[in-house]
Amino acid sequence: MHHIPQLLGIFTDIYGKDAVMDLPRALLISLIGFVTVIAVLAIIAVFVRLISLVFGAFNKGDKPEQVSAAAAATTAPAPVTTPLRADPQLINVDEKTAAVVMAIVSHESGIPLNRLEFKSIKLMEDKK
């Protein structure tokens, strides 16, 4: 038994109760649904933009000079303390060569020099 899909909802009012859903009508209904979804998304995007502009206008009225000294003292970040690091132990290496080695390691690894910790730098002798 072959079942022919029937139109539903508002489309039965437009095409009639016993109208058959053929390909052109199905494409038209799909296009209407697609356009409806895009239109609703555009309305939501405009609404979000308007809300952000409204709240942005309120925030622009607050100037940093208006903040009291007590409020600034309570929200001030804690000072950053760097741990004391001992200089690396240099074994058969002068300081200039050690500095070059540390710079090369920092550059090649992409890690800033202040984030690296060198414990020792040792000159390796060639074994022949």
Side-chain angles (χ1 to χ4, degrees):
M1 178 166 226
H2 190 267
H3 177 67
I4 299 174
Q6 300 292 318
L7 293 172
L8 300 172
I10 192 170
F11 296 105
T12 58
D13 297 336
I14 296 171
Y15 293 114
K17 184 178 179 185
D18 296 326
V20 180
M21 184 183 301
D22 53 354
L23 184 63
R25 286 186 184 163
L27 291 175
L28 178 65
I29 291 170
S30 298
L31 181 66
I32 290 171
F34 181 74
V35 169
T36 303
V37 168
I38 297 300
V40 170
L41 288 174
I43 291 169
I44 291 172
V46 169
F47 181 72
V48 168
R49 181 70 179 160
L50 288 175
I51 294 295
S52 69
L53 289 176
V54 168
F55 285 112
F58 287 127
N59 289 339
K60 286 182 182 177
D62 297 337
K63 300 215 182 320
E65 297 82 26
Q66 295 175 350
V67 177
S68 67
T74 59
T75 60
V80 178
T81 58
T82 55
L84 297 176
R85 295 185 191 175
D87 289 333
Q89 182 183 8
L90 303 179
I91 303 169
N92 296 332
V93 178
D94 61 83
E95 287 188 15
K96 185 176 180 181
T97 305
V100 170
V101 168
M102 291 189 292
I104 291 171
V105 169
S106 173
H107 179 74
E108 291 296 319
S109 66
I111 301 171
L113 192 56
N114 62 350
R115 302 274 309 203
L116 293 173
E117 183 175 347
F118 293 91
K119 302 211 185 250
S120 67
I121 299 175
K122 180 179 180 181
L123 177 64
M124 302 295 289
E125 298 293 329
D126 286 334
K127 295 182 182 179
K128 291 185 180 184

- Rest of the hydrophobic cluster containing Val100 (Ile/Leu/Val/Met/Phe/Trp/Tyr, side-chain heavy atoms under 4.5 Å)?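 Listed partners: Ile104.
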
- Message: What's the separation between atom CG in Leu116 and atom CE in Met102, rounded to the nearest 0.5 Å?
- Response: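 One gets 9.5 Å once the value is rounded to the nearest 0.5 Å.
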
Cut-off 3.5 Å, no hydrogens considered: what does the side-chain donor-acceptor table look like for residues 28-47, sequence neighbours left out?
residue: Ser30; atom: OG; partner: Ala26; partner atom: O; Å: 2.9
residue: Thr36; atom: OG1; partner: Ile32; partner atom: O; Å: 2.7

- Message: Going by side chain to side chain donor-acceptor pair (under 3.5 Å), name the pairs with one or both residues in residues 98-113, residues two or more places apart or in two chains.
- Response: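 For residues 98-113, and leaving out neighbouring residues, there are no side chain to side chain donor-acceptor pair (under 3.5 Å) pairs at all.
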
For residues 89-96, please give each side-chain donor-acceptor pair under 3.5 Å, one per line with the distance, not counting sequence neighbours.
residue: Asp94; atom: OD1; partner: Lys96; partner atom: N; Å: 3.1
residue: Asp94; atom: OD1; partner: Thr97; partner atom: N; Å: 2.9
residue: Asp94; atom: OD1; partner: Thr97; partner atom: OG1; Å: 3.1
residue: Asp94; atom: OD2; partner: Thr97; partner atom: OG1; Å: 2.9

- Message: List the residues meeting side-chain contact (heavy atoms from CB on, under 4.5 Å) with Pro112, not counting sequence neighbours, and say none if there are none.
- Response: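 In terms of side-chain contact (heavy atoms from CB on, under 4.5 Å), with neighbours along the sequence ignored, Pro112 is linked to Asn114, Arg115.
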
